[in-house]
Amino acid sequence: TTIVSISDGSGNQVWPLPDGSGGTTGQGSTSTTTQVVSPQAAYVVTDILAGNTDPKQNPFWGKFQLLDKGVRRPAGFKTGTTNDTKDLSAYGFTGAPDDPTQPAIAVGVWMGNSDHSQPTLGGNLLFASDGPAEVWHAFMRDYMKGKPVPTFQKPDKGLVQATIDSYSGGKPGPWTRDTVQEWFLTGTEPGGKGEVDPPGLLYSRECGSWRVDPLQAENRGEIGRAHV
């Protein structure tokens with residue numbers, strides 16, 4: 001399917017613009033872009049999403065890793081299923097190669113029915129992992145086959161790697177059963193002035209041991225850094 005124009009809810013055409021401007025559409029050459037996130041923030045999110053195609057980090061979603069002759073291609077990946085299971089989607093992207101003539105690609109796949117009914121297979125409801133994720137994986141694997149395998153480039157400054165509690169995201173303590181290393185914007189790491197998650201989040205002391213208490217996170221009134 002080729003998109004030739006986009007209109008808003010009132011029927012006004014918003015792309016390409018009536019004056020012919022539209023970036024690289026061939027109908028004009030003027031376009032304005034605005035950087036909305038810092039390279040550091042983009043890298044942190046990318047690092048989280050890239051874990052979804054790494055079996056070592058995510059055993060379940062790792063089955064969607066992109067392999068090319070046995071070499072794993074780093075890729076960010078996320079699926080989505082609406083609450084009513086009528087719209088299923090999968091989105092992902094690869095890193096930019098050093099050679100500007102080689103592709104860096106972002107692909108989104110949506111599945112749903114034109115009558116807005118719930119997609120099913122054999123009478124069973126489908127989820128994003130059942131359909132769009134499989135299509136995304138097959139397309140990316142085959143389209144990128146034989147092409148360079150770049151990594152995601154980390155900014156030189158503004159990031160710090162810290163060891164955190166695997167379940168709460170905060171500084172490890174006597175409650176910690178496992179740890180993991182994660183990237184943070186400088187100052188938001190555990191112990192930083194703007195730390196995201198306080199030590200001991202999710203844990204309560206009872207009967208001489210520590211237990212997980214999810215209500216502690218809910219009662220904070222905010223959502224801490226979480227694994228996607």
Side-chain angles (χ1 to χ4, degrees), residues 1-3 24 37-82 85-113 119-122 124-156 158-167 169 177-185 225-228:
T1 301
T2 301
I3 298 175
T24 59
V37 297
S38 69
Q40 291 78 12
Y43 182 82
V44 169
V45 174
T46 295
D47 184 61
I48 295 172
L49 296 178
N52 286 338
T53 59
D54 184 353
K56 293 182 179 179
Q57 296 187 53
N58 195 322
F60 177 82
W61 290 103
K63 64 184 179 181
F64 295 110
Q65 65 177 320
L66 303 177
L67 293 176
D68 192 346
K69 296 181 179 179
V71 177
R72 187 179 68 83
R73 181 184 302 279
F77 182 53
K78 187 70 180 75
T79 62
T81 301
T82 55
T85 63
K86 293 181 179 180
D87 296 280
L88 320 175
S89 57
Y91 305 92
F93 55 95
T94 62
D98 294 331
D99 185 350
T101 66
Q102 294 295 323
I105 186 171
V107 173
V109 178
W110 171 86
M111 284 187 177
N113 291 322
T120 60
L121 180 63
N124 298 314
L125 288 177
L126 292 178
F127 295 87
S129 58
D130 302 317
E134 298 287 354
V135 174
W136 179 89
H137 177 253
F139 173 82
M140 293 288 281
R141 178 196 62 210
D142 293 350
Y143 179 79
M144 297 301 291
K145 188 175 297 183
K147 297 178 174 62
V149 183
T151 58
F152 293 109
Q153 297 301 309
K154 181 176 69 66
D156 295 331
L159 293 172
V160 61
Q161 195 172 40
T163 299
I164 60 175
D165 180 274
S166 293
Y167 302 100
R177 300 177 184 178
D178 194 14
T179 61
V180 67
Q181 286 200 317
E182 289 285 9
W183 289 100
F184 292 83
L185 301 181
R225 185 177 192 277
H227 296 281
V228 176

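- Looking at N52, its side chain does come within 3.5 Å of a backbone N or O of F77 through a donor-acceptor pair.
- For the pair I105 and F139, the tightest heavy-atom approach, listed with the atom from each and the gap, is CD1-CE2, 4.0 Å.
- For A96 against A104, the heavy-atom pair with the smallest separation is CA-CB, 3.6 Å.
- Atoms CE and CG, from M140 and L66 in turn, are 5.5 Å apart once rounded to the nearest 0.5 Å.
- The shortest side-chain heavy-atom distance between P74 and V149 falls under the 4.5 Å cut-off.
- Side chain of R73 to main chain of G95: no donor-acceptor pair is present (N/O by atom type, distance under 3.5 Å, no hydrogens or angles).
- For G80 against A128, the heavy-atom pair with the smallest separation is O-CB, 3.3 Å.
- Note that the CD atom of Q181 and the CD atom of Q161 stand 4.0 Å from one another [nearest 0.5 Å].
- To the nearest 0.5 Å, atoms CG (L49) and CZ (F93) are separated by 5.0 Å.
- D47 is listed as a side-chain neighbour of E182, based on a closest heavy-atom distance under 4.5 Å.
- Atoms CG and CZ, on D68 and R141 in that order, are 11.0 Å from each other to the nearest 0.5 Å.
- Under a cutoff of 6.0 Å and an axis angle of 45°, K154 and F152 do not form a cation-pi pair.
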In sequence, state the C-alpha distance, the side-chain angles, and the governing distance for T79 and W61, and then conclude on side-chain contact (heavy atoms from CB on, under 4.5 Å). CA-CA 10 Å; T79 62; W61 290 103; 3.3 Å; yes

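- One finds the CG atom of L126 at 6.5 Å from the OG1 atom of T120 (value rounded to the nearest 0.5 Å).
- Not one N or O on the side chain of T179 forms a donor-acceptor pair closer than 3.5 Å with the backbone of T163.
- Within a 6.0 Å radius of CG in D156, no more than 12 heavy atoms belonging to other residues, nucleotides or ligands are found.
- Between the side chain of H137 and the backbone N or O of Q65, at least one donor-acceptor pair lies under 3.5 Å.
- K147 and P103 get closest at one heavy-atom pair: CD-CG, 3.4 Å.
- The CD atom of Q57 lies 10.0 Å from the CD1 atom of I48; values are rounded to the nearest 0.5 Å.
- Atom CG of D142 sits in a crowded spot, with more than 12 heavy atoms from other residues, nucleotides or ligands closer than 6.0 Å.
- No donor-acceptor distance shorter than 3.5 angstrom exists from the side chain of T81 to the backbone of T85, with no hydrogens or angles considered.
- Among all heavy-atom pairs drawn from F184 and G169, the shortest one is CZ-O, 4.3 Å.
- Within the 4.5 Å cutoff, the side chain of P148 has no heavy atoms near those of the D99 side chain.
- Inter-residue side-chain proximity for Q153 and P39 is flagged as unmet; no heavy-atom pair is nearer than 4.5 Å.
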side-chain contact (heavy atoms from CB on, under 4.5 Å) between F64 and E134, worked out: CA-CA 8 Å; F64 295 110; E134 298 287 354; 3.8 Å; yes

For L121 and D130, run side-chain contact (heavy atoms from CB on, under 4.5 Å): C-alpha distance rounded to whole Å, both residues' side-chain angles, the deciding distance at 0.1 Å, then the answer. CA-CA 10 Å; L121 180 63; D130 302 317; over 6 Å; no

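- T53 places a side-chain N or O within donor-acceptor distance of the main-chain N or O of A75, the cut-off being under 3.5 Å.
- Residue S89 comes nearest to Y91 through the heavy atom pair OG-CE1, 3.3 Å, listed as atom of the first residue, atom of the second, then distance.
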